[in-house]
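Working notes for the structure below.
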Amino acid sequence: GAVVSQHPSWVICKSGTSVKIECRSLDFQATTMFWYRQFPKQSLMLMATSNEGSKATYEQGVEKDKFLINHASLTLSTLTVTSAHPEDSSFYICSAPQQGSTQPYAYTFGSGTRLTVV
Amino acid sequence: AQKITQTQPGMFVQEKEAVTLDCTYDTSDPSYGLFWYKQPSSGEMIFLIYQGSYDQQNATEGRYSLNFQKARKSANLVISASQLGDSAMYFCAMREGRNNAGNMLTFGGGTRLMVKP
């Protein structure tokens, strides 16, 4: 089946530093990638939608200068949390719609990145 | 307004019994899809079952079935013969539009299911 590889699985960084999270589609082309954030005991909230070769679309309240999204190829989308602060500590997870598969409704999720900012 | 509502923050069920997790949704789009995902403590999202808005029959996948009541805008998940491994967070989600191309999933608040031995 379709796989999205997400790295790193977990990361601890110091306040003020930047962290890059990668989502790579291994066996299909992901023209779109959805980036979600999940705080403890809460639901997944969409942060932004990236499309290959164009600027990402951010949800209301998400700082585009803080959460930089790049989708330069059909198999790689990245999220960079710049100048991270403790309140950015969360679980970040990406999701790509499977296109051209026998299950046109399916979405493939990465395994998630648990970010802790100290 | 909430598009997906899960009114049960937590539920207990006895092992081997059936359990129903509630989900109601709100959309004006005639074409949509409804999903249920399981999220264990590891965080991965495990797809369980899907129901399209035009599907005439309720979806079933093994021990999972979706009780789709379109007029009431509800899409409850039924898990039969609960197992200890079913203990996890369960999310109901909706995609508006005919297919997934470019269309995000909107998630409900989740229900934590705990299966008692």
Side-chain angles (χ1 to χ4, degrees), chain A residues 1-6 8-10 21 23 28-52 54 56-59 62 71 90-116, chain B residues 2-10 21 23 25 29 31-55 59 61 66 68 75 88-114:
Chain A
V3 175
V4 170
S5 177
Q6 183 170 350
S9 298
W10 58 271
I21 300 169
C23 280
F28 70 104
Q29 294 183 331
T31 54
T32 300
M33 190 72 74
F34 299 110
W35 287 92
Y36 293 89
R37 178 168 54 184
Q38 184 180 27
F39 291 109
K41 301 188 189 301
Q42 294 189 25
S43 186
L44 283 75
M45 298 299 293
L46 182 69
M47 297 176 64
T49 302
S50 72
N51 292 290
E52 185 268 336
S54 62
T57 304
Y58 291 82
E59 296 299 300
V62 177
H71 196 148
S90 188
F91 188 67
Y92 295 85
I93 191 165
C94 59
S95 173
Q98 292 178 38
Q99 294 174 323
S101 78
T102 56
Q103 296 180 324
Y105 49 80
Y107 295 79
T108 301
F109 284 83
S111 54
T113 298
R114 202 165 299 278
L115 170 64
T116 303
Chain B
Q2 291 269 5
K3 286 196 171 185
I4 298 285
T5 303
Q6 295 180 251
T7 58
Q8 305 152 313
L21 306 184
C23 173
Y25 61 92
D29 194 327
S31 300
Y32 54 89
L34 297 160
F35 300 74
W36 277 92
Y37 287 90
K38 173 183 178 181
Q39 187 182 45
S41 57
S42 62
E44 64 181 310
M45 297 296 286
I46 301 170
F47 167 74
L48 297 178
I49 198 166
Y50 167 83
Q51 181 85 42
S53 59
Y54 297 113
D55 294 343
E61 289 285 350
L66 199 152
F68 181 44
M89 279 292 290
Y90 288 80
F91 290 101
C92 180
M94 177 174 66
R95 175 218 73 226
E96 292 174 294
R98 294 185 67 84
N99 56 49
N100 62 9
N103 291 315
M104 56 178 266
L105 285 175
T106 301
F107 289 86
T111 295
R112 178 166 296 282
L113 178 66
M114 290 151 283

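Letters go in sequence order (proteins before strands), and every chain restarts at 1.
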Nearest heavy-atom contact between M104(B) and Y107(A) is O-OH, 4.2 Å
Specify the closest pair of heavy atoms between L105(B) and F109(A), including all atoms of both residues, with the distance to one decimal. CD1-CZ, 4.0 Å
Mind checking side chain to side chain contact (heavy atoms under 4.5 Å, CB included) for Q42(A) and listing every partner two or more places apart, or none if nothing turns up? F39(A)
Show, in sequence, the C-alpha distance, side-chain angles and deciding distance for F91(B) and Q38(A), and conclude whether the side chain to side chain contact (heavy atoms under 4.5 Å, CB included) test is met. CA-CA 12 Å; F91(B) 290 101; Q38(A) 184 180 27; 3.5 Å; yes
Using a 4.5 angstrom heavy-atom cutoff, name the option from G110(B), S42(B), G43(B) with the most pairs to chain A. G43(B)
L44(A) versus chain B, heavy atoms under 4.5 Å apart: side chain, backbone, both or neither? both
Let me know if Q6(A) has heavy atoms under 4.5 Å from chain B in its side chain, its backbone, both or neither. neither
Verify, without hydrogens or angle tests, whether S43(A) (side chain) and G108(B) (backbone) share a donor-acceptor contact under 3.5 angstrom. yes
Across all chains, not counting sequence neighbours, the side chain to side chain donor-acceptor pair (under 3.5 Å) partners of W36(B) are none
Which atoms of Q39(B) approach chain A - backbone, side chain, both or neither, heavy atom under 4.5 Å: side chain
